[in-house]
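Notes to accompany the following structure.
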Amino acid sequence: MISVSTAGGPDSLRVQVWRKLRSLGALYLQQSVCLLPARAEVVREIRRLLDRVRHQGGTARALPMAFTDPAEERAVIAELNEARDAEYAEVLERLPELRRELADEQARGNATYAEVEESEADLDRFRSWLAKIAARDYFGAPRGQEARDAVELAAAELAAFEEAALRAEAPEIRAGKQR
């Protein structure tokens with residue numbers, strides 16, 4: 001359990017704390033009290049954050065805790081999974097636009113290397129976004145696999161689009177001719 005007060009610190013400290021706890025997937029119980037699993041990588045990040053808060057004039061504590069009620073523990077895990085599933089759902093909601101764009105460009109005969117590069121950059125952003133969510137998905141939220149599968153499907157479609165661009169821009173390669 002983490003408790004942080006940025007009173008006494010610079011105004012930017014509150015935002016820094018909020019961003020860091022959000023990036024770790026903290027479950028807020030109250031305004032400045034949240035839960036995170038006591039995994040080594042999380043504990044290390046929390047120690048760094050708490051040191052920063054203290055050095056900048058705020059107060060912070062990390063208190064180890066254990067659930068005494070298994071139903072309460074399951075409820076907290078369910079809340080954490082719901083939060084990750086909401087993030088995965090956003091990936092799943094936005095990903096079809098990339099796939100539609102690929103299909104539309106190919107249908108227009110606009111399979112070009114420039115479009116491949118643009119779509120690769122988009123796919124890289126999705127992969128990065130997915131990796132950030134997965135890093136805070138401590139309990140295997142149900143929609144995680146669906147999101148990973150959807151990103152890989154988009155990657156396969158991009159590979160096919162790239163092949164079409166190669167054929168369109170370098171027909172001598174398609175014909176097996178060498179320069």
Side-chain angles (χ1 to χ4, degrees), residues 1-2 4 12-46 48-49 67 71-169:
M1 181 169 35
I2 298 102
V4 177
S12 62
L13 183 59
R14 180 180 53 82
V15 174
Q16 291 172 17
V17 169
W18 175 79
R19 284 183 177 166
K20 185 59 177 179
L21 291 172
R22 174 145 168 65
S23 76
L24 291 170
L27 174 64
Y28 277 86
L29 302 176
Q30 294 181 5
Q31 185 173 354
S32 62
V33 178
C34 60
L35 295 178
L36 279 164
R39 298 190 177 178
E41 66 276 8
V42 174
V43 169
R44 190 171 36 256
E45 292 295 322
I46 291 299
R48 288 181 188 148
L49 177 65
F67 288 96
E72 189 64 34
E73 182 176 11
R74 285 190 301 274
V76 166
I77 290 170
E79 282 186 67
L80 288 163
N81 280 343
E82 286 171 20
R84 296 305 74 80
D85 275 345
E87 292 176 307
Y88 288 130
E90 192 173 349
V91 170
L92 290 164
E93 178 182 306
R94 292 184 184 189
L95 196 56
E97 181 59 33
L98 171 62
R99 296 177 62 215
R100 267 192 302 279
E101 187 176 317
L102 287 172
D104 290 349
E105 293 297 336
Q106 196 157 9
R108 279 185 240 147
N110 196 20
T112 64
Y113 187 70
E115 287 295 329
V116 169
E117 282 186 318
E118 183 181 321
S119 295
E120 279 180 337
D122 291 341
L123 184 62
D124 286 345
R125 281 190 289 278
F126 276 105
R127 284 184 167 147
S128 175
W129 186 12
L130 192 60
K132 288 175 183 175
I133 298 168
R136 59 183 167 260
D137 184 4
Y138 304 110
F139 300 100
R143 298 207 69 188
Q145 189 60 52
E146 181 183 358
R148 285 186 292 279
D149 291 347
V151 168
E152 288 313 306
L153 177 59
E157 289 174 358
L158 177 57
F161 183 83
E162 185 174 18
E163 282 297 317
L166 180 63
R167 286 191 304 275
E169 291 190 359

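No experiment lies behind these values; they were computed from the predicted model shown.
- Residues meeting the side-chain hydrogen bond (donor to acceptor under 3.5 Å, both in side chains) test with R74, sequence neighbours left out: none.
- Partners of R100 according to the side-chain hydrogen bond (donor to acceptor under 3.5 Å, both in side chains) rule, which considers only residues two or more places apart in sequence or in another chain, are E97.
- The side-chain contact (heavy atoms from CB on, under 4.5 Å) search around E45 returns K20, L24, R48, not counting sequence neighbours.
- Legend: residues meeting side-chain contact (heavy atoms from CB on, under 4.5 Å) with V43, ordered by chain and number and at least two apart, are A38, R47.
- Under the salt bridge (charged side-chain N to carboxylate O under 4.0 Å, His left out) criterion, R22 pairs with E87, not counting sequence neighbours.
- In this structure, CG in L158 is found 10.5 Å from CD in E101, a value given to the nearest 0.5 Å.
- Sequence neighbours left out, the pairs with a member in residues 139-148 that pass side-chain hydrogen bond (donor to acceptor under 3.5 Å, both in side chains) are R143-E146, Q145-R148, Q145-D149.
- Residues meeting the salt bridge (charged side-chain N to carboxylate O under 4.0 Å, His left out) test with E152, sequence neighbours left out: R127.
- D85 pairs by the side-chain hydrogen bond (donor to acceptor under 3.5 Å, both in side chains) definition with nothing, not counting sequence neighbours.
- N81 is linked by a side-chain hydrogen bond (donor to acceptor under 3.5 Å, both in side chains) to nothing, counting only residues two or more places apart in sequence or in another chain.
- Side chains of L80 and D137 form no contact here, defined as non-hydrogen atoms less than 4.5 Å apart.
- More than 12 heavy atoms of other residues, nucleotides or ligands lie within 6.0 Å of CD in E41, so this atom counts as buried by the packing criterion.
- When the side-chain contact (heavy atoms from CB on, under 4.5 Å) test is applied to E162, the partners found at least two apart in sequence or on another chain are V116, E120.
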Check the pair L153, L95 against side chain to side chain contact (heavy atoms under 4.5 Å, CB included), reporting the backbone distance first and the verdict last.
-> CA-CA 10 Å; L153 177 59; L95 196 56; over 6 Å; no
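- For the pair R84/Y88, a side-chain contact is recorded, criterion being any heavy-atom separation below 4.5 Å from C-beta on.
- Rounding to the nearest 0.5 angstrom, the gap separating the CG atom in L123 from the CG atom in L98 is 6.5 Å.
- The shortest heavy-atom contact between L92 and A147 is CD2-CA, 3.7 Å.
- For the atom pair CG of L49 and CD of Q16, the computed distance is 9.0 Å after rounding to the nearest 0.5 Å.
- Residues forming a salt bridge (charged side-chain N to carboxylate O under 4.0 Å, His left out) with R44 (at least two apart in sequence, or on another chain): none.
- Atom CZ in R136 sits 6.5 Å away from atom OG in S23 (nearest 0.5 Å).
- The shortest non-hydrogen separation linking L21 to Y28 is CD1-OH, 3.3 Å.
- Here the OH-CG distance, from Y138 to L27, works out to 11.5 Å after rounding to the nearest 0.5 Å.
- Residues A154 and L102 come closest through the heavy atom pair O-CD1, 4.4 Å.
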Could you go through the side chain to side chain contact (heavy atoms under 4.5 Å, CB included) check for Q106 and E115 one step at a time?
-> CA-CA 10 Å; Q106 196 157 9; E115 287 295 329; over 6 Å; no
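- When the salt bridge (charged side-chain N to carboxylate O under 4.0 Å, His left out) test is applied to E157, the partners found at least two apart in sequence or on another chain are R99.
- With rounding to the nearest 0.5 Å, the separation of CG in D124 from OG in S119 is 11.0 Å.
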